[in-house]
Visitor: 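The structure under discussion is supplied below as structure tokens; questions concerning it will follow.
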Amino acid sequence: MCGIIGFCGYLDAKEELIEGLSELEYRGYDSAGIACFTKEGIRIVKAVGKVEGLRNKLPVNMESGCGIGHTRWATHGEVSEVNAHPHQCGRVTLIHNGIIENYHELEKELEKTGRSPKSKTDTEIAAMLLDSLYTGDVLEALREAVKRLDGAYAFCIMFSDKPDEIYCIRKGSPLVCCVSQDGSVVASDMVALLRYSKEYFVLPEFMVAKVTKKTILVTDLEGNLITPNILSVHWDMSAAKKNGFKHYMLKEIHEQPEAIARTLAPRIKKDKYMLPDFSKDGIDDAVFAHTTRIIVAACGTAMHAGMLGKILMERILRIPVSVEIASEFRYSDPIFTEDTLVIVVSQSGETADTLAALRLAKEKGIKTLSIVNVKGSSIARESDYVLYTHAGPEIAVASTKAYTAQLAAFYLLTFRFAYVTGRLNEKEVSDYMEELSKTGMLMEQMLDQKDRVRELSKRLTPARDLFFIGRSLDYALSCEGSIKLKEITYIHSEAYAAGELKHGTLSLITGGVPVIALATQGDVFSKMISNVKEVRARGAMVILLIKEDNQTLLEEEIFDEKFLLPAGNDLFAPFSAIVILQLLAYYTSCYRGLDVDQPRNLAKSVTVE
Ligand code: M6R
């Protein structure tokens with residue numbers, strides 16, 4: 001959601017802020033703004049729309065070495081220049097990511113002090129509150145403000161009587177910091193720091209960062225010095241660039257074989273047998289040995305990875321696994337048993353509902369394990385155990401490589417679990433691991449079919465409605481195919497367990513409606529084919545995905561288009577099938593002339609409820 005950048009150093013601050021905001025564009029936003037200390041005091045420039053529009057509005061004479069910048073994703077108040085950040089009240093100018101839940105109540109109180117907001121935002125109320133508390137002592141004002149503010153926040157604050165200093169504090173929402181030769185930088189995520197340094201730290205909650213040219217001083221609210229934990233990333237700027245691809249999404253689809261290899265490699269122990277090994281992740285076998293029930297909590301695509309993980313785990317481990325939408329889970333008064341393991345899944349590690357689900361489980365004393373991509377993120381830090389996917393930065397809003405890396409993580413966990421609990425012996429685990437390690441290759445083969453997918457996408461471009469159907473693993477995969485397509489093409493799309501169609505949805509299948517049918521699972525193949533015949537009998541345009549080794553089972557041409565997936569164990573078919581679904585969504589969005597990487601209304605990381 002909102003993007004935050006603060007720069008204090010030896011370069012032109014406005015240029016650095018604009019660059020930083022461009023790097024944060026992928027988070028999703030509708031307006032942008034910056035504020036800089038200049039000789040004439042603090043100057044603010046804001047614009048509705050893209051960062052490029054803001055750049056064009058900047059006065060050339062806005063000389064400064066220190067400032068803050070923001071991309072806003074509207075929550076309170078419409079998209080407008082006045083609602084865009086930074087917000088200023090008296091001596092306080094600030095930007096904010098999060099939601100101040102008690103802003104209405106605070107506003108009423110602050111009105112009594114003669115302060116009234118110009119905008120409709122919760123953020124301006126926070127600026128008003130801070131201004132009312134500020135008498136020249138920053139820590140004192142922040143100490144009081146923290147007591148009064150409910151909700152989630154990451155703030156970067158400039159006080160007009162403290163030139164060339166930025167103060168930051170956060171609760172819930174992320175904020176990372178680094179110091180480099182060019183100056184000190186803070187941002188809502190690491191992607192905007194990469195230009196300066198590969199080393200960074202996450203500002204601990206309720207600690208204050210005082211950002212100056214040379215250093216970032218971290219203290220608690222009493223002023224005691226804190227030494228933050230320095231983290232480093234192994235990828236460089238090129239990992240977060242398009243590298244010749246037209247869109248980040250296409251690049252990230254292509255990066256999947258490599259991403260999966262990075263998820264698997266550190267966890268493969270090769271001896272006589274190939275076994276998964278989590279010793280470097282600090283995940284003890286006792287975690288598996290004492291688990292009799294698993295709950296997976298996540299949102300969106302990460303939740304779809306969990307749906308697939310459930311089928312896999314139940315099939316192999318024979319223990320009950322439930323998958324919960326994180327935003328529902330937190331309010332459902334869930335039932336935990338002592339031997340439950342809660343697995344939370346999140347690319348960003350910052351999704352507010354997933355984080356809340358994790359905290360709920362922890363509060364109840366339940367063991368938690370997270371599957372996370374972003375290092376040092378809140379979910380990773382707060383879980384008892386973390387399995388990093390190491391997929392590298394994912395910039396497109398539509399998640400692709402993060403999803404397949406999450407799947408790979410579920411397979412790894414399942415095989416280790418099965419080994420520890422004796423469900424599978426060394427040889428069986430090793431055989432599965434051999435196949436898992438070849439999934440990257442399968443994906444490469446599917447990428448070779450991209451021209452065919454592109455051609456086919458032309459036929460989907462005019463569709464108004466579209467359906468994905470499948471059974472078992474293919475149903476879980478259909479859900480992922482469907483969200484991918486709808487989020488970037490704006491075509492209404494639904495995923496159905498194929499057997500459910502007759503119970504209502506079949507009424508929507510009429511002449512020419514595209515149905516993407518996944519039939520990769522041998523045990524339900526004939527049932528699935530019957531469902532395909534049912535939709536075809538009603539005139540649907542059927543796109544069928546089947547494995548090469550099942551082709552001969554097809555007695556008749558029941559499809560308009562067919563994609564053949566490599567032969568092999570059905571359990572691993574999702575890795576090849578998903579590539580086709582991702583490419584279909586991608587090319588259809590391109591043909592519809594849409595913003596593939598930044599679809600309307602969506603944010604990369606949903607850091608508010
Ligand atoms: O960062 P997370 O994995 O927690 O994000 C969860 C969802 O917001 C995310 O997967 C979303 O559904 C994607 N845009 C789908 O492509």
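For ligands, and for the atoms within them, numbers begin at 1 and follow the listed sequence. On a predicted model such as this, the values are computed, not experimentally measured, just so you know.
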Visitor: Tell me, which protein residue and heavy-atom name are nearest atom 1 (O) of ligand 1, and how many Å apart are they?
Guide: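 Checking every protein heavy atom, the shortest distance to atom 1 (O) of ligand 1 gives S348 OG, 2.6 Å.
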Visitor: So if I count the atoms of ligand 1 from 1 in the order they appear, which ones are less than 4.0 Å from some heavy atom of A302?
Guide: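 Near A302, meaning under 4.0 Å from one of its heavy atoms, ligand 1 has 3 (O), 10 (O).
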Visitor: Hey, does the side chain of S576 reach the backbone of L442 with a donor-acceptor pair shorter than 3.5 angstrom?
Guide: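 Pair absent, no side-chain N/O of S576 close to backbone of L442.
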Visitor: If only atom types and distance count, is the side chain of Y490 paired as donor or acceptor with the main-chain N or O of R600 below 3.5 Å?
Guide: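 Flag set: sc Y490 to bb R600 pair under 3.5 Å.
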Visitor: Atom CD1 of I483 and atom CE of M303: how far apart are they, to the nearest 0.5 Å?
Guide: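 One finds 7.5 Å between CD1 of I483 and CE of M303.
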Visitor: To the nearest 0.1 Å, how far is atom 13 (C) of ligand 1 from its closest protein heavy atom, and which atom is that?
Guide: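 Sorting protein heavy atoms by distance from atom 13 (C) of ligand 1 puts V397 O, 3.7 Å first.
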Visitor: Just which atoms of ligand 1 are under 4.0 Å from any heavy atom in G300?
Guide: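 Those qualifying, in numeric order: 12 (O).
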Visitor: One residue to check: K604. Relative to ligand 1, which of side chain, backbone, both or neither has a non-hydrogen atom less than 4.0 Å away?
Guide: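 Neither; no heavy atom under 4.0 Å.
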Visitor: Just heavy atoms, cut-off under 4.0 Å: does E487 contact ligand 1 by side chain, backbone, both, or neither?
Guide: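 For E487, the contact with ligand 1 is made by the side chain alone.
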Visitor: Can you find an N or O of T351 that's nearer than 3.5 Å to an N or O of ligand 1?
Guide: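 T351 vs ligand 1: N/O contact under 3.5 Å present.
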Visitor: Verify, without hydrogens or angle tests, whether D189 (side chain) and V191 (backbone) share a donor-acceptor contact under 3.5 angstrom.
Guide: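 At least one qualifying donor-acceptor pair exists.
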Visitor: Considering the heavy atoms of T301, write down every atom of ligand 1 situated less than 4.0 Å from one of them.
Guide: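 Going through ligand 1 atom by atom, the ones under 4.0 Å from T301 are 10 (O), 12 (O), 15 (C), 16 (O).
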Visitor: For atom 8 (O) of ligand 1, what is the closest protein heavy atom, and at what distance to 0.1 Å?
Guide: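 Ranked first by proximity to atom 8 (O) of ligand 1 is V606 CG2, 4.1 Å.
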Visitor: Just one of K251, K604, K401 clears the salt bridge (charged side-chain N to carboxylate O under 4.0 Å, His left out) bar with E394, so which one?
Guide: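 Only one option passes, and that is K604.
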Visitor: Do R416 and F278 form a cation-pi contact, if we require the NZ or CZ to be under 6.0 Å from the six-membered ring centre and within 45 degrees of the ring's axis?
Guide: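 No - R416 does not lie over the ring of F278 by the 6.0 Å and 45° rule.
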Visitor: If we only consider heavy atoms of A398, is any one of them less than 4.0 Å away from an atom in ligand 1?
Guide: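 Yes, A398 has heavy atoms under 4.0 Å from ligand 1.
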Visitor: Are the side chain of D597 and the backbone N or O of A396 linked by a donor-acceptor pair below 3.5 Å?
Guide: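 No.
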Visitor: Is there a heavy atom in K484 that sits closer than 4.0 Å to ligand 1?
Guide: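 It does; at least one heavy atom falls under 4.0 Å.
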Visitor: Nearest non-hydrogen contact with atom 7 (C) of ligand 1 belongs to which option: A396, C299, S346, A585?
Guide: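 Nearest option to atom 7 (C) of ligand 1, by heavy atoms: C299.
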Visitor: For atom 3 (O) of ligand 1, what's the nearest protein heavy-atom neighbour? Residue, atom name and distance, please.
Guide: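 The closest heavy atom on the protein side is Q347 N, 2.6 Å.
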Visitor: Is E382 salt-bridged to R359, going by a charged N under 4.0 Å from an acidic O?
Guide: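 Counted as a salt bridge, because a side-chain N and a carboxylate O are separated by less than 4.0 Å.
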Visitor: Hydrogens and angles aside, do Y403 and H304 bring a side-chain donor and acceptor to less than 3.5 Å of each other?
Guide: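 Side-chain D/A pair, Y403 to H304: absent.
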